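Shown next, in structure tokens, is the structure this report addresses.
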There are 2 protein chains.
Amino acid sequence: MAKQIGLFGFGVVGQGYYSIAKKHQQNLLPKTIVVQNKKKERNPELSFSFDPNDILDSNYDIGLELISDPEEAYHIVSTLLKSGKKVVSANKKMLAAHLPEFLQLEKEFGGSLLYEAAAAAGIPIITTLDTHFAGDQIEKLEGILNGSSNYILSQLFEEGLTFEEALKLAQDNGFAEADPTLDINGSDVSSKLAILILHAFGKFVPEKDIPTLGVQHIRKEDVILAQKLGLKIKLIAKAQITADGITAFILPSLVNPKNALYWVENEYNSVKIISRNLGEQFYKGKGAGSLPTGASVYADLTKSERGYSYSYDKLNGELPKTFQPKSGNLEVIVRAHSENAIKSLVPEAEIVFNQEAYWSVATISAQLLQEKQTLIQEEEISIVALNETATKKDVLQALKEEVKVTISLN
Amino acid sequence: MAKQIGLFGFGVVGQGYYSIAKKHQQNLLPKTIVVQNKKKERNPELSFSFDPNDILDSNYDIGLELISDPEEAYHIVSTLLKSGKKVVSANKKMLAAHLPEFLQLEKEFGGSLLYEAAAAAGIPIITTLDTHFAGDQIEKLEGILNGSSNYILSQLFEEGLTFEEALKLAQDNGFAEADPTLDINGSDVSSKLAILILHAFGKFVPEKDIPTLGVQHIRKEDVILAQKLGLKIKLIAKAQITADGITAFILPSLVNPKNALYWVENEYNSVKIISRNLGEQFYKGKGAGSLPTGASVYADLTKSERGYSYSYDKLNGELPKTFQPKSGNLEVIVRAHSENAIKSLVPEAEIVFNQEAYWSVATISAQLLQEKQTLIQEEEISIVALNETATKKDVLQALKEEVKVTISLN
């Protein structure tokens, strides 16, 4: 018998899911769609409601939470789970904040919660971590998890655009919001990484504890240096097992052509996993868009209907404990507009003047990155991780050579 | 309560699964292991048997079929399914021959059959096709599905080895069997592609109907030509939807650096899928080895235990019908040792003499490839698909330039 499905939200993702469900004709269309805006004209063939309780208080089997407001999303998901319902959500910010509580509710009331679309949208990474890596030990997970940022970097590297031109193009093409802050400052990525860490390592890391810098300060100068080294810059999210826990950070990073992440362009996302049993695995797919995200929601719905729930293999049946990531050290290139700014961040490092900017190559701790966020934002300091692609010596040499060229032109 | 697990076979894959299950301690170790060789010394801590009926006639919950003999494997899997049991198998040759019958048995007796390790071993491609592409329409699937062949090609291209040296190295490193025929002639790949086609397109194509050529005739001459064009050769398995059905073939093919398959080296496998909803997806992982393959088996076991079974979304609840792939046309480079051989295959095409061999660039049908298998094998004709990387004109020009160089050296 067809399951009763209640849908919350009918934006880009909701409409993506709806169009897929309609084409596929497997009785997975929503019976009711709860929306907010009463003034918008709606398709009269669908059953809309403006009251969430029309679904929450009724006898629906599965609830799809696809709205943008995190607080309302939390209310919907927790209420459904308390009624032992099956739930699908795509709200990464909200999920990254409340997953331990939701797992508790699943245990207590017998419902289930799937959320494949919340990280790397089109890539089935959560289901894969949950099933395929059962019994495995993941050593490292790294990925490109934000389509807007990657699109901007592709335009800088491949088309030679300025940051401002690239951002505008991303917005024009629907890959970045009108207010792109959450996209370009990496905040969206830290929610996703927090979710993936729970499935990959069985630890709950609040996203605020993940040192994060987005692409907001990457400019042509950084691109020129990377290209001189035969490399590209990608916004890499990384989590890694260490002797005493895990390290995690999100940072623009150099990558070389031998790394599969080098070839991930424009709105694509990707995830690379190194594990004891499987060696290296690499997945690439679209990280945004109505159909790719809607397809992940639809896939969750079919899994949920067939009784699938996450096993959280790495938790070994326990509830997740909040975990503070360890402060690993990172080799980075630092670029600032003033000598003072760079000295405030890395006081001991050699400073090179090149392309009208001050540069250093230094080892900094993830903890320092966290502490100096205000300085980094106010001074618009660019930080790019070497990511094992180049040595400090190579980078300094490239910076100094460039200086020579500048001098010889004067 | 712990499920009773019966294991058939304790070779490379069986031992891989066993070592993972032992480390993970989730009660997923086998109660009995049926083996053939009575003379081999066995670990006294494990419970071995030499009689399959010790498992088949008893009250086990799940059977793992990990033996190499296809006929015995068929007997085991069909017997277990007839008892409504849960079964995991990794025997690609056997599965590619009998899947429609097994689906019928699942329906009739309520058991289930999972076989992730049977295609692209370490990559969770079957589960992904089955869950993540629900409601989607796959337009094209292409992949590198044989680690031995890919290893040989990597050694030819990256290390400059001869075919014979590369094959020997593959054998020494355990990536190819002592009798490497099934690996290098592509036969192993056609079993895998047949399995993937069922999940991707909902059609059962007998592997004998897939035009197949392996890497057995690829030599330095082909490598030199590809490198001159800035390309590599990979053994590509491809299935694609067309107006009146699907085309499928397995052929050494040119790939360019913009194609993610270009960067898949050595024993790695990969699959690229283009679909209506998800655009392009790409997966890469190890295609062979005790732990990667054992990990796929172990993951199947955990899924099976949690009640997961394949949905065969593309079959829409029907049993698969046998389908004859359509005869698509392919642009290929042909190289032969004699002018007669090349004329027998492509009578109309222009012939160029270069590197002591006869070459043509021609359009041939998949059907012709099938019909001329004996000629191709006997004359050791090398056929490399252009795969949309280069034009006929470019290739001919590269071949003719090379001739010029040869002449000027004389």
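Chain A is the first sequence line, chain B the second, and so forth, proteins listed ahead of strands; every chain is numbered from 1. Just so you know, these numbers come straight off a predicted model, no measurement behind them. All heavy atoms count here, side chains included; hydrogens, waters and symmetry mates do not.
Annotation: B:Gln227, atom CD; neighbour count of heavy atoms from other residues, nucleotides and ligands within 6.0 Å is above 12. More than 12 non-hydrogen atoms from other residues, nucleotides or ligands lie less than 6.0 angstrom from CD of B:Gln137.
A donor-acceptor contact shorter than 3.5 Å links the side chain of A:Gln281 to the backbone of B:Gly122.
Across B:Ala21, B:Ala299, B:Gly135, the residue that shares the most heavy-atom pairs under 4.5 angstrom with chain A is B:Gly135. Contacts with chain B were tallied for A:Leu28, A:Asp130, A:Thr131; A:Thr131 has the most, counting heavy-atom pairs under 4.5 Å. When each of B:Ala295, B:Pro292, B:Pro124 is checked for heavy-atom pairs under 4.5 Å with chain A, B:Pro124 comes out on top. With respect to chain A, the highest number of heavy-atom pairs below 4.5 Å among B:Leu291, B:Ile123, B:Asn277 belongs to B:Asn277. Contact count against chain B (heavy-atom pairs under 4.5 Å) is highest for A:Ser309 among A:Gly279, A:Gly16, A:Ser309. Chain A forms the most heavy-atom pairs under 4.5 Å with one residue out of B:Ser296, B:Ser311, B:Ser270, B:Ser290, and that residue is B:Ser311.
With values rounded to the nearest 0.5 angstrom, A:Asn259 atom CG is found 11.0 Å from B:Trp263 atom CH2. Put simply, CG on A:Asp136 and NZ on B:Lys23 are 10.0 Å apart, with the number rounded to the nearest 0.5 Å. Atom NE2 of residue B:His132 and atom NZ of residue A:Lys303 lie 7.5 Å apart, to the nearest 0.5 angstrom. Considering OH of B:Tyr308 and CZ of A:Arg306, their distance stands at 7.0 Å, rounded to 0.5 Å.
In this structure, chain A has no heavy atom under 4.5 Å from any part of B:Phe133. The contact between B:Tyr298 and chain A is made entirely by side chain atoms (from C-beta outward), counting heavy-atom distances below 4.5 Å. Only the side chain of B:Thr302 comes within contact range of chain A, judged by heavy atoms closer than 4.5 Å. Interface remark: B:Thr128 contributes side-chain atoms only to the contact with chain A (heavy atom separation under 4.5 Å).
Between A:Lys284 and B:Lys284, the closest side-chain pair of non-hydrogen atoms is not below 4.5 Å.
Residue A:Leu278 comes nearest to B:Lys286 through the heavy atom pair O-CG, 3.9 Å, listed as atom of the first residue, atom of the second, then distance.
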